[in-house]
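Notes to accompany the following structure.
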Protein chains: 2
Amino acid sequence: MAPRQKSDRVTIKTVAEDAGVSVSAVSKVLRDAYGVSGPLRERVRASMEKLGYRPHAAARGMRGQTYTLGVILPDIHNPFFTDIMSGVNAALERTQYQTLLGIGQSSLGAQQEVIDAMIDRQMDGIIFIGPRMPPPELDALAAKVPMTIIANHSPTAQAYDTVNNDDFLGATLVVQHLVHAGYRNIAMLSLDLPPIEQLQVTTQRELGYRQAMEDAGLRQYIKVVMSEQTPRAIQAAARQLLRSRGRPEAIFCWTDFVALEVLSVAHELGMKVPGDLGVVGYDNTTYCDLAQNALTSIDQSGQVLGLQSARLLIERIKGRTTAEHFVVTPRLVARNSSQPVAR
Amino acid sequence: MAPRQKSDRVTIKTVAEDAGVSVSAVSKVLRDAYGVSGPLRERVRASMEKLGYRPHAAARGMRGQTYTLGVILPDIHNPFFTDIMSGVNAALERTQYQTLLGIGQSSLGAQQEVIDAMIDRQMDGIIFIGPRMPPPELDALAAKVPMTIIANHSPTAQAYDTVNNDDFLGATLVVQHLVHAGYRNIAMLSLDLPPIEQLQVTTQRELGYRQAMEDAGLRQYIKVVMSEQTPRAIQAAARQLLRSRGRPEAIFCWTDFVALEVLSVAHELGMKVPGDLGVVGYDNTTYCDLAQNALTSIDQSGQVLGLQSARLLIERIKGRTTAEHFVVTPRLVARNSSQPVAR
DNA sequence: CGTTCTATGTGCATCGTTCTACAAACCTGT
DNA sequence: ACAGGTTTGTAGAACGATGCACATAGAACG
């Protein structure tokens with residue numbers, strides 16, 4: 001490697017010499033530790049400012065904290081994660097912490113790699129979004145590093161905190177809204193995954209859907225179609241569903257991304273939305289608002305989820321050992337795609 | 001912080017003891033350095049495997065490399081970046097390197113923070129996408145850490161490599177395509193930024209647009225409208241443009257994200273696309289393919305851009321000091337939004 | 001059988017922090 | 001004035017790698 005920045009780096013030692021104090025003293029000031037007088041603190045602060053000192057993260061990682069939080073996303077595709085990130089960053093605004101993202105690329109191997117990479121790099125904590133991992137492994141992971149999980153229901157977990165919206169309720173809202181608008185034959189398009197019962201967000205939404213359908217006396221119309229996450233697979237599933245004999249009047253999609261594909265397929269098949277078909281998504285991402293989509297969706301406030309997860313994580317890093325499980329109440333945002341239809 | 005992993009960590013020393021060799025020997029094996037015999041290498045490898053050794057990134061950062069590459073994105077919104085990331089990861093597949101993402105959140109302050117954070121964390125190199133930074137600062141940054149830039153034209157820069165598509169050509173293709181389809185009054189919707197002349201991708205696209213319009217004898221129709229990146233601002237600009245007296249027959253948008261908003265506004269105003277208006281985007285993101293958008297766009301192959309940038313960056317880390325500037329030839333993907341219209 | 005050379009393996013200083021143990025200085029209250 | 005306590009500052013040993021400088025053992029040669 002080309003030689004860079006030899007001895008010109010401003011270290012804690014440089015600052016100490018400049019301020020005329022010991023290295024330990026500077027370290028104390030840096031860490032806001034006990035045992036520094038006001039004047040000394042000021043003198044050190046001034047020197048740091050003057051010299052443009054920046055702490056060396058790797059060196060910190062050797063001993064104490066790195067002040068780095070890892071965020072693991074299942075993929076960057078889903079625009080919902082943008083909201084979460086902005087919440088996380090907002091919570092970290094006036095702290096020393098910085099976030100670094102890792103992308104799980106949906107594949108399980110990549111997910112494990114990202115996790116290992118973050119542990120190797122001594123992240124102080126991890127915010128894990130939509131983990132695809134059985135609870136024992138999550139516990140094992142939480143034993144190694146403080147962790148908060150978003151979008152995974154495990155209300156009894158003690159080793160880590162969780163932040164969720166009430167997916168069961170959200171799905172209920174969708175069904176009630178559609179029923180109220182006059183739809184009866186309502187199908188659900190969900191995610192095809194090796195199911196880790198009850199924990200997955202999609203499972204909760206499915207349960208909510210089923211329950212609400214039953215409560216509305218629509219048991220005979222219950223239909224859940226599973227599909228992989230790829231556009232091609234989603235389109236195929238939607239096409240099959242819309243061409244089938246008992247064609248649904250409305251489709252509830254587990255996430256907006258899927259709903260957009262359904263709109264596309266409906267469009268291709270010459271179906272009007274609404275009119276020939278009602279569509280509802282989940283997450284209320286920015287694309288819902290576009291007039292060509294006008295997609296009714298459930299807002300679970302990614303901002304709040306992100307903010308809370310960062311808050312909980314820092315609490316845990318600071319020493320809390322009991323678990324907290326934060327739940328946001330979702331809310332339906334009605335748009336054109338689920339307008340009432342005369343039948 | 002709660003006490004975790006005390007002495008149970010497997011370090012290079014543990015491996016050395018297990019294999020019955022010196023610490024230095026293990027280090028040599030790790031680094032593939034000169035001066036290790038085959039048998040010793042095997043013995044050490046076996047021990048590492050057996051003990052599940054993982055190198056401590058922070059410790060490495062103190063002396064040598066961290067094997068971590070930073071990728072800086074201007075925002076996560078733009079789905080185009082997904083493609084870039086998958087290219088980057090593909091290039092790093094069988095190497096020791098890992099990527100970590102930082103998000104610039106569009107704001108300049110955040111951008112600087114992310115850069116600092118990455119330097120503090122001793123990233124071996126940085127892939128900087130769409131930097132908002134004048135050349136002298138880029139040079140200064142490149143002096144501190146090996147760097148490759150995507151989406152910023154500075155073909156004479158020596159301190160860093162660049163990877164781009166030919167934005168000038170791409171814009172030309174758009175205009176030629178629209179002209180061929182019968183459009184004459186073609187406006188461009190571009191990004192409002194403190195311009196760093198010529199370097200910005202948008203500037204290049206503007207220049208290409210202007211040149212192509214002139215070449216087509218449409219000088220009198222040249223019109224570039226600038227707007228900020230927020231949905232609200234884009235919508236306002238589009239609305240104003242579409243309501244103006246010399247209303248354009250077609251709009252060329254500097255990126256798909258903007259084009260989707262334009263489609264939305266046209267939709268709201270009751271205009272048909274195509275028919276009343278032609279729209280073309282840039283980047284050929286997944287959303288273009290949805291039937292409700294059917295957006296004609298320029299494909300600049302984010303995959304290739306990502307792959308090349310990772311390749312170049314590693315070359316630079318390994319010692320190359322001359323600059324390379326890689327340019328991809330863009331290609332137009334025609335969809336419904338720019339269909340010929342009888343006039 | 002020395003001498004020189006090469007290949008292989010080791011010892012240890014080093015990187016920039018943190019933090020424990022300790023020294024020094026300063027208060028108190030008798 | 002002195003024991004005891006508190007506050008403020010310092011010395012120096014870690015942390016887990018890297019990589020230079022060196023030791024040692026054979027090999028090759030005259």
Side-chain angles (χ1 to χ4, degrees), chain A residues 1 3-44 47-48 51-68 96 119-122 124 317, chain B residues 1 3-45 47-48 51-68 96 119-122 124:
Chain A
M1 193 163 70
R4 287 167 192 275
Q5 27 170 342
K6 28 183 195 298
S7 62
D8 54 350
R9 186 177 232 290
V10 177
T11 74
I12 206 175
K13 200 172 153 198
T14 324
V15 174
E17 279 163 11
D18 182 86
V21 297
S22 73
V23 166
S24 323
V26 178
S27 175
K28 276 191 182 177
V29 172
L30 260 170
R31 291 173 289 127
D32 270 324
Y34 174 83
V36 251
S37 64
L40 184 139
R41 190 198 321 280
E42 282 322 306
R43 204 140 44 92
V44 170
S47 285
M48 295 200 308
L51 299 171
Y53 167 76
R54 297 198 54 99
H56 191 292
R60 284 184 148 180
M62 294 285 304
R63 299 273 333 197
Q65 308 184 48
T66 54
Y67 295 99
T68 310
Q96 290 198 70
I119 292 180
D120 294 347
R121 282 161 188 76
Q122 298 291 108
D124 290 345
I317 291 172
Chain B
M1 190 162 74
R4 287 164 191 276
Q5 28 171 341
K6 27 183 197 299
S7 61
D8 55 351
R9 185 178 233 288
V10 176
T11 74
I12 203 173
K13 199 173 153 195
T14 325
V15 175
E17 278 163 10
D18 183 87
V21 297
S22 74
V23 167
S24 322
V26 179
S27 175
K28 276 191 181 178
V29 172
L30 261 170
R31 293 174 286 127
D32 271 326
Y34 174 83
V36 251
S37 63
L40 184 140
R41 190 198 325 282
E42 282 323 306
R43 204 140 43 91
V44 171
R45 286 255 167 82
S47 285
M48 296 200 307
L51 300 170
Y53 167 75
R54 298 200 51 100
H56 191 294
R60 283 184 150 181
M62 294 284 305
R63 301 261 342 183
Q65 308 184 49
T66 55
Y67 295 98
T68 310
Q96 289 199 68
I119 292 181
D120 294 348
R121 282 160 188 75
Q122 297 292 107
D124 290 345

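In the text below, chain A, chain B and the rest are named by the order of the sequence lines, each starting its count at 1.
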- Message: Once you apply a heavy-atom cut-off of 4.0 Å, does A/R54 come out as touching a base, just sugar-phosphate, or nothing?
- Response: sugar-phosphate
- D/dG16 phosphate, OP1 or OP2: any side-chain N/O from B/R63 under 4.0 angstrom? no
- Report yes if the side chains of A/L40 and A/V29 come closer than 4.5 Å at any heavy-atom pair, otherwise no. yes
- Item | C/dA7 OP1/OP2 closer than 4.0 Å to side-chain N/O of B/S37 | no
- Task: Starting from C1' on D/dC15, measure out to NE2 on A/H56 and report it in whole angstrom.
- Result: 14 Å
- Message: What is the distance, to the nearest angstrom, from the OH atom on B/Y34 to the C1' atom on C/dT6?
- Response: 7 Å
- Nucleotide C/dT17, atom C1' - distance to CD of A/Q96 in whole Å: 13 Å
- Message: Can you confirm whether B/R121 sits close enough to B/T68 that some side-chain heavy atom of one is under 4.5 Å from a side-chain heavy atom of the other?
- Response: no
- Task: Could you check if a side-chain atom of B/L30 sits within less than 4.5 angstrom of a side-chain atom of B/R60, using non-hydrogen atoms only?
- Result: yes
- Task: Nearest whole angstrom, please: distance from the P of D/dG19 to the CG of B/D32.
- Result: 13 Å
- Message: Taking the nucleotide of DNA chain C with the nearest heavy atom to each, does B/G35 or A/T11 sit closer to the 5' end?
- Response: B/G35
- Task: Would you indicate which nucleotide in C/dT8, D/dT10, D/dT7 comes nearest to any side-chain atom of A/V21?
- Result: D/dT10
- Query: Below 4.5 Å, heavy atoms only, C-beta onward: do B/I119 and A/R54 meet side chain to side chain?
  - Reply: no
- Taking atom C1' of C/dG16 as reference, at what distance in whole Å does atom NZ of A/K13 sit? 10 Å
- Side-chain N,O (A/S27) to OP1/OP2 (C/dT18) below 4.0 Å: yes
- Query: Would you say the side chain of A/S22 and the base of D/dA11 hold a donor-acceptor pair, judged only by whether the two atoms sit under 3.5 Å apart?
  - Reply: no
- Message: Distance check, rounded to the nearest 0.5 Å: B/M62 atom CE versus A/H56 atom NE2?
- Response: 6.0 Å
- For C/dT14, the nucleotide meeting Watson-Crick or G-U wobble distances (both under 3.5 Å) is D/dA17
- pair A/R41-A/D32: side-chain heavy atoms closer than 4.5 Å: yes
- Can you tell me the distance, in whole Å, between the CE atom of A/M62 and the P atom of C/dT17? 12 Å
- Measure from CZ on B/R121 to P on C/dG16 and round the result to the nearest Å. 17 Å
- If you look at every strand shown and take non-hydrogen atoms under 4.0 Å, does A/S24 touch a base, only sugar-phosphate, or nothing? base
- Message: Please tell me if B/R60 has a side-chain N or O lying less than 4.0 Å from either OP1 or OP2 of D/dG16.
- Response: no
- Task: Respond yes when some side-chain nitrogen or oxygen of A/Y53 is under 4.0 Å from OP1 or OP2 of C/dT17, and no when none is.
- Result: yes
- A/K28 or B/L30, whichever maps to the more 5' nucleotide of DNA chain D: A/K28
- Between P of C/dC15 and CG of B/D120, the distance in whole Å: 19 Å
- Just checking B/V23: base, sugar-phosphate only, or nothing, at a heavy-atom cut-off of under 4.0 Å? base
